[in-house]
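Here is how names work: the chains are called A, B, and so on, in the same order as the sequence lines, proteins then strands, and each is numbered from 1.
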Amino acid sequence: MDISIRLAPGLCLKNPVLSASGTFAYGEEFARIFDLSLLGGVVTKGLSLHPKEGNPTPRVCETPCGMLNAIGLENIGADAFIAQKLPFLGTFDTEVIVNFFGTGEDEYVQMAQKLDLDGVSAIEMNVSCPNIKKGGIEFGKDPQILNRLVAQVRKSTTKPLIVKLSPMVTHIGEMALAAQEGGADALTCSNTFPAMAIDENTCKPILGNITGGLSGPAIKPIALRIVWEVSRQVTIPVIASGGVTSWRDVVQFLLAGASAVEIGSFSLRDPLCFGAIIQGLIRYMQDKGLESITEIIGSLKSA
Amino acid sequence: MDISIRLAPGLCLKNPVLSASGTFAYGEEFARIFDLSLLGGVVTKGLSLHPKEGNPTPRVCETPCGMLNAIGLENIGADAFIAQKLPFLGTFDTEVIVNFFGTGEDEYVQMAQKLDLDGVSAIEMNVSCPNIKKGGIEFGKDPQILNRLVAQVRKSTTKPLIVKLSPMVTHIGEMALAAQEGGADALTCSNTFPAMAIDENTCKPILGNITGGLSGPAIKPIALRIVWEVSRQVTIPVIASGGVTSWRDVVQFLLAGASAVEIGSFSLRDPLCFGAIIQGLIRYMQDKGLESITEIIGSLKSA
Amino acid sequence: MKDSNALVKDNRQVAQDTYLMTLMCELSPFTPGQFLMLRLTSTCEPFLRRPLAILSYNEGAVEILYKVRGEGTSLLAEKKKGEELSVLGPLGKGFSDPRPEEEAVYIAGGTGLPPILAMAERMKRGRLIIGTYTKDDIPLWQRMQNIGGVEITATTEDGSLGIRGVATQALDGLLKTIQQPCVIYACGPTGMLKAAASLAKDLGARCEVSIEERMACGFGVCSACAVRTTTGNQRVCTQGPVFDASSIEWRQ
Amino acid sequence: MKDSNALVKDNRQVAQDTYLMTLMCELSPFTPGQFLMLRLTSTCEPFLRRPLAILSYNEGAVEILYKVRGEGTSLLAEKKKGEELSVLGPLGKGFSDPRPEEEAVYIAGGTGLPPILAMAERMKRGRLIIGTYTKDDIPLWQRMQNIGGVEITATTEDGSLGIRGVATQALDGLLKTIQQPCVIYACGPTGMLKAAASLAKDLGARCEVSIEERMACGFGVCSACAVRTTTGNQRVCTQGPVFDASSIEWRQ
Ligand SMILES: Cc1cc2nc3c(=O)[nH]c(=O)nc-3n(C[C@H](O)[C@H](O)[C@H](O)COP(=O)(O)OP(=O)(O)OC[C@H]3O[C@@H](n4cnc5c(N)ncnc54)[C@H](O)[C@@H]3O)c2cc1C
Ligand SMILES: Cc1cc2nc3c(=O)[nH]c(=O)nc-3n(C[C@H](O)[C@H](O)[C@H](O)COP(=O)(O)OP(=O)(O)OC[C@H]3O[C@@H](n4cnc5c(N)ncnc54)[C@H](O)[C@@H]3O)c2cc1C
Ligand SMILES: Cc1cc2nc3c(=O)[nH]c(=O)nc-3n(C[C@H](O)[C@H](O)[C@H](O)COP(=O)(O)O)c2cc1C
Ligand SMILES: Cc1cc2nc3c(=O)[nH]c(=O)nc-3n(C[C@H](O)[C@H](O)[C@H](O)COP(=O)(O)O)c2cc1C
Ligand code: FES
Ligand code: FES
């Protein structure tokens with residue numbers, strides 16, 4: 001049985017299960033509880049050129065079947081990552097996908113150049129960040145801005161380039177096409193939903209940052225629709241992200257058209273979930289008599 | 001203590017708790033289990049000019065802390081509503097808010113004219129419907145189209161006009177302003193999120209319509225953020241809709257800037273929730289020593 | 001209809017994946033075919049109530065018979081004596097009584113047994129066919145034998161009990177042996193209901209079917225449970241779940 | 001750190017809104033101040049685990065002492081003997097032992113008692129101050145008395161037990177009476193920790209504080225639990241929850 005999946009030239013995952021950015025740090029903590037080599041790939045915390053301190057606490061809060069986070073992209077910066085974390089990740093037999101962001105086109109480009117290194121299997125661009133030059137509108141909210149940004153980054157790296165879309169847009173298909181035309185090798189659908197929580201006793205927002213991003217099972221039905229919609233509009237592979245908790249969810253995302261799946265929030269609750277999910281997927285394929293995982297991808301039947 | 005709230009000239013609710021469209025039918029079933037006069041207002045199932053059969057079943061499905069629906073706007077049509085349902089609703093001491101939609105500008109206008117009747121306290125426009133002339137894009141997804149539609153409807157009725165926004169847009173504030181400038185007296189924020197569910201055994205979508213709208217507690221954090229964002233951009237009152245299950249949620253939405261709150265999906269699970277929620281709200285105001293509900297509205301403190 | 005707190009009095013496995021639960025709560029009198037909406041937890045997960053037919057109601061004790069299919073019924077199977085559930089009901093329209101001259105024929109497939117058994121236990125006359133895949137899927141076999149006046153036939157697809165085959169084949173055979181007018185009461189998979197309806201039509205017999213459809217509210221407000229009938233869409237939860245089979249426009 | 005299934009052995013109320021739970025599970029040896037992440041249900045609601053300090057661990061039995069605050073701790077309080085929980089831990093860095101020449105002073109406010117009591121029970125020497133609003137808020141009063149070698153002082157704001165006032169006033173008084181070098185171990189509300197840190201600084205004493213911050217993972221991967229220190233942000237869950245008080249940059 002073949003559960004490997006090719007995402008881009010030079011990027012082949014041994015299985016379609018990835019960690020998600022921001023819920024796996026740089027892999028060291030999880031490496032203490034399981035062998036990272038069992039994963040299709042590791043997606044790192046989002047990196048920027050310089051270290052970032054992040055937002056005031058509280059930075060997380062629980063919501064019905066989900067959570068909000070407003071970490072504020074705290075990270076150790078590209079140099080420290082390359083020096084201190086990348087070599088360790090290289091000791092595992094898994095793909096290393098480095099998530100990054102910038103506050104302007106320049107920073108995105110510099111990051112792409114910096115990360116064009118041995119030991120980096122692919123880079124994942126987080127475009128849910130405000131473009132300071134354009135008055136703070138997110139890169140991921142305007143197809144022209146996104147297309148230009150992706151094209152610039154594309155020119156700056158030899159690595160497979162994954163663009164992670166923001167979900168809260170009117171026409172997700174347009175954004176997906178803009179990224180594809182800019183030269184993305186694959187898309188991740190999608191990031192968290194802008195949301196908030198209020199404490200009715202103190203009459204204050206719960207998060208230090210007021211708003212945060214909603215993730216977890218609560219958003220899975222929306223993420224599934226987005227993957228279905230996007231994968232029918234683009235020709236490049238789609239990586240699903242949003243609310244995965246089980247092998248059932250993985251199969252559903254594959255049926256909807258995803259080629260791989262990231263597991264984020266649920267791995268905070270259940271850090272050992274990855275192995276069980278991969279095993280469940282294999283059992284499903286055995287039960288259905290499937291030879292290759294590619295038979296599932298996009299094979300949703302009509303209602 | 002004063003828990004009444006004025007939403008528009010001629011539209012004053014005795015309390016801020018409303019039913020939501022599509023989860024209360026035309027009030028008859030709920031009237032058998034509690035006195036509708038306890039509500040601030042009743043919002044009816046969405047009506048169109050002619051009766052509508054709706055979508056193939058299954059039309060609903062459960063999701064983590066929420067549900068999908070693809071009823072397909074099944075309704076008995078405006079004439080049958082006016083003849084058979086409106087007189088009954090008139091026997092209660094509550095405001096009757098009639099939700100409606102159209103497949104084109106004409107139908108919206110005709111509906112507004114038809115509903116300009118005694119016994120109708122206000123009309124709520126559902127703009128999450130495709131504009132057939134504009135190639136199927138939803139009225140609620142383009143600010144120009146929305147502004148024009150609202151302005152046409154505004155001219156066609158003497159009733160307070162509430163516009164119910166679609167949440168899945170890039171700039172919800174722009175949509176809100178477009179509706180306000182078109183002449184809306186109030187906004188409902190917001191409708192369900194396009195989503196989907198898949199059965200990994202049959203490899204088919206669960207809903208007959210493939211996609212449906214996500215509602216329930218799962219979306220509350222997003223709805224709260226939308227209410228907070230919109231109420232700071234517009235001068236007209238905002239009615240919250242999305243995931244309310246308790247008096248706590250009601251207070252949170254009021255703090256975020258809502259003037260009233262609709263309870264939808266949760267009343268399917270707990271049809272007697274309305275009275276308990278209103279009582280909880282009153283107790284909260286007593287505990288906090290508040291004289292008027294208007295003291296809560298928009299009074300969120302900084303973090 | 002009323003929203004009541006019910007206490008689990010008993011919950012035991014009675015067949016493959018199938019449980020019989022007794023709940024203590026006050027209901028108004030019910031008609032077989034009517035159902036309850038059960039709320040399984042106090043958190044919002046799972047969010048919706050689950051529809052389950054009333055098997056019996058006696059002095060504050062209501063019985064339900066259910067098969068574990070997904071999350072909701074799994075949670076139900078884990079409930080222990082003394083736990084609380086919220087129960088909405090009785091809901092919907094049940095079966096009408098057979099006319100004095102009619103022979104009652106009950107047919108149940110799979111999880112369709114509860115309303116059918118309730119009807120047979122109420123009428124105490126007629127003939128009941130229960131069809132399953134195998135012997136171990138049949139719950140309450142002894143209890144069925146003990147209904148005075150009702151003749152029981154089992155069909156199993158693997159032949160492990162009763163007649164090998166499907167229930168509607170047995171129904172066909174049975175109907176051929178009955179001389180007087182018949183009324184057929186059916187609950188089970190759509191294919192079975194459709195076949196029963198067609199046999200009834202050929203015979204000119206009355207046929208009432210209890211229809212299953214995904215529900216959200218169970219009391220008529222959400223329009224989830226539409227079924228196409230000769231007079232347009234009807235709501236399974238309030239205008240059914242029991243319908244005259246001749247009014248249903250079967251899918252496909 | 002390990003993810004284990006734990007069985008509830010006992011769960012009883014020991015003060016106003018406060019419960020003591022004993023769970024059976026295998027842990028590696030713990031240091032007072034270390035904590036567990038408890039998963040409360042098998043459904044995804046509530047979604048996150050809850051951090052709770054380890055009060056004791058002995059031959060497969062771990063004790064936790066918790067106050068009911070919201071949804072999670074309410075669910076915990078409802079757990080009965082025999083129910084299962086998933087437990088991640090021991091997590092974080094605990095208190096360091098007092099040096100031989102140091103007098104140990106433990107101070108706990110509100111729900112800060114568990115790690116402090118664990119430390120006092122381990123060291124069996126020093127002085128412990130427990131501060132609450134009223135007498136009924138103090139759990140395990142008798143058990144504290146029974147720690148050989150530790151002198152217990154209670155403060156209550158309403159004066160219903162011990163000294164009327166707040167714990168840090170009592171700490172101030174106590175420190176004035178001690179001649180030898182001190183180490184202060186503190187857990188409780190931020191205001192209390194800050195005041196204890198400031199008293200320690202004035203005295204030139206070591207002070208270790210156990211910090212509470214909202215957590216999502218509890219094992220260092222999500223960056224939720226940042227605390228500002230003189231060397232930048234640190235993670236409460238892995239680099240704490242116990243910190244040298246002089247390294248903390250207190251908010252406001
Ligand atoms: C009026 C009525 C009476 C019923 N009476 C009984 C009964 O007495 N005993 C019994 O075992 N079952 C009965 N059912 C079916 C029962 O409601 C479903 O098996 C149950 O809701 C499944 O819940 P779940 O969470 O375990 O499964 P889910 O995980 O929700 O779904 C598993 C499967 O169950 C089916 N299902 C889910 N929800 C419904 C629903 N609302 N209605 C119908 N099918 C559904 C679907 O086919 C789905 O694929 C009845 C259904 C209706 C509509
Ligand atoms: C390292 C650590 C050890 C702890 N040890 C104990 C202990 O031994 N005994 C005890 O009673 N409590 C302890 N707490 C606090 C305990 O974790 C919270 O009271 C609990 O998570 C609240 O959950 P809830 O669902 O009941 O409340 P929620 O409804 O989630 O929130 C209620 C209130 O609890 C507080 N809270 C919520 N989540 C957290 C969190 N993750 N961390 C801190 N505070 C939170 C907030 O102030 C919130 O307003 C500890 C916290 C930490 C970080
Ligand atoms: C605590 C936390 C931190 C995150 N940080 C990042 C990040 O740095 N970069 C990024 O692209 N996405 C980030 N995300 C988004 C996740 O990678 C993921 O796309 C999202 O949470 C939805 O998936 P889930 O429901 O499986 O968590 C973060 C999410 C969480 C919960
Ligand atoms: C079964 C169902 C039917 C609905 N029908 C309508 C409708 O006809 N018109 C409309 O504007 N909104 C409709 N809605 C949306 C609700 O009015 C409400 O805005 C949404 O469900 C979010 O609120 P909730 O989370 O409280 O349900 C429907 C929702 C549900 C669940
Ligand atoms: S289930 Fe809601 S109308 Fe039937
Ligand atoms: S709680 Fe996740 S890093 Fe500390």
Side-chain angles (χ1 to χ4, degrees), chain A residues 19-34 44-46 51-76 199 201 206-208 212 215-218 220 243 245-246 249 264-273, chain D residues 1-5 28 37-51 69-73 75 85-92 190 211-229 231-240 248-252:
Chain A
S19 70
S21 178
T23 50
F24 211 77
Y26 311 106
E28 293 153 322
E29 295 79 7
F30 274 99
R32 262 176 240 134
I33 54 174
F34 71 85
T44 68
K45 174 71 191 163
K52 230 173 134 2
E53 286 259 290
N55 287 327
T57 58
R59 291 176 169 188
V60 292
C61 124
E62 195 179 54
T63 67
C65 280
M67 63 177 285
L68 300 183
N69 89 80
I71 306 298
L73 296 167
E74 175 175 335
N75 76 90
I76 58 172
D199 181 329
N201 266 320
I206 292 182
L207 296 176
S215 62
K220 195 201 80 173
T245 69
S246 66
D249 292 334
S265 310
F266 188 70
S267 64
L268 305 178
R269 174 189 164 92
D270 188 358
L272 292 173
C273 67
Chain D
M1 166 181 144
K2 221 182 64 176
D3 188 1
S4 334
N5 273 330
S28 32
M37 292 292 283
L38 263 67
R39 198 180 67 194
L40 306 171
T41 55
S42 57
T43 67
C44 275
E45 182 63 15
F47 187 61
L48 297 176
R49 292 179 183 244
R50 295 293 188 274
R69 289 205 204 162
E71 190 190 5
T73 44
L75 280 169
L85 290 173
S86 158
V87 162
L88 209 64
L91 298 165
T190 307
I211 302 242
E212 272 196 22
E213 189 49 77
R214 290 222 176 209
M215 294 182 174
C217 69
F219 57 98
V221 300
C222 76
S223 297
C225 61
V227 58
R228 283 187 180 274
T229 72
T231 54
N233 276 351
Q234 302 250 25
R235 292 180 186 170
V236 173
C237 68
T238 49
Q239 296 168 301
I248 301 292
E249 292 195 350
W250 302 99
R251 275 187 280 180
Q252 277 114 43

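Taking both residues in full, the closest heavy atoms of D:Gly220 and A:Ala25 are given as O-CB, 4.1 Å, listed atom of the first, atom of the second, then distance. The two residues D:Cys222 and A:Ile71 have their closest heavy-atom pair at O-CD1, 3.2 Å. When all heavy atoms of D:Ala226 and A:Glu74 are compared, the pair lying nearest together is CB-OE1, 4.0 Å.
Annotation: maximal heavy-atom pairing with chain D below 4.5 Å, among A:Lys45, A:Glu29, A:Arg32, occurs at A:Glu29. Chain D forms more heavy-atom pairs under 4.5 Å with one residue of A:Tyr26, A:Phe266, A:Phe30 than with any other, namely A:Phe30. Of the listed residues A:Asp270, A:Asn69, A:Leu272, A:Asn75, the one with more heavy-atom pairs under 4.5 angstrom with chain D than any other is A:Asp270. Considering only heavy-atom pairs separated by less than 4.5 Å from chain A, the leading option among D:Glu71, D:Met215, D:Arg214 is D:Arg214. Ranked by heavy-atom pairs under 4.5 Å with chain A, the list D:Gly218, D:Gly232, D:Pro46 is led by D:Pro46. Put simply, of D:Cys225, D:Ser223, D:Cys217, D:Gly72, the one with the most heavy-atom pairs under 4.5 Å next to chain A is D:Ser223. Your options are A:Pro58, A:Cys65, A:Pro64, and the one with the most heavy-atom pairs under 4.5 Å with chain D is A:Cys65.
With a 4.5 angstrom heavy-atom cutoff, D:Met37 does not touch chain A via any of its atoms. With a 4.5 angstrom heavy-atom cutoff, D:Thr43 touches chain A only via backbone atoms. Only the backbone of A:Ser267 comes within contact range of chain D, with at least one heavy atom under 4.5 Å from a heavy atom of that chain. In this structure, the portion of A:Thr245 lying under 4.5 Å from any heavy atom of chain D is its side chain and not its backbone.
Between the CZ atom in A:Arg269 and the CG atom in D:Asp3 there is a gap of 10.5 Å [rounded to 0.5 Å]. In this structure, CZ on D:Phe47 lies 7.5 Å from CE on A:Met67, to the nearest 0.5 angstrom. A distance of 9.0 Å separates CG of D:Asn233 from OG1 of A:Thr57, quoted to the nearest 0.5 Å. How far NZ of D:Lys2 is from CD1 of A:Ile33: 12.5 Å, rounded to the nearest 0.5 Å.
Salt-bridge annotation for A:Glu53 and D:Arg228: present, with a side-chain N of the basic residue lying under 4.0 Å from a carboxylate O of the acidic one. Ion pairing between a basic and an acidic side chain is recognised when a charged N comes within 4.0 Å of a carboxylate O; D:Arg50 and A:Glu62 show such pairing.
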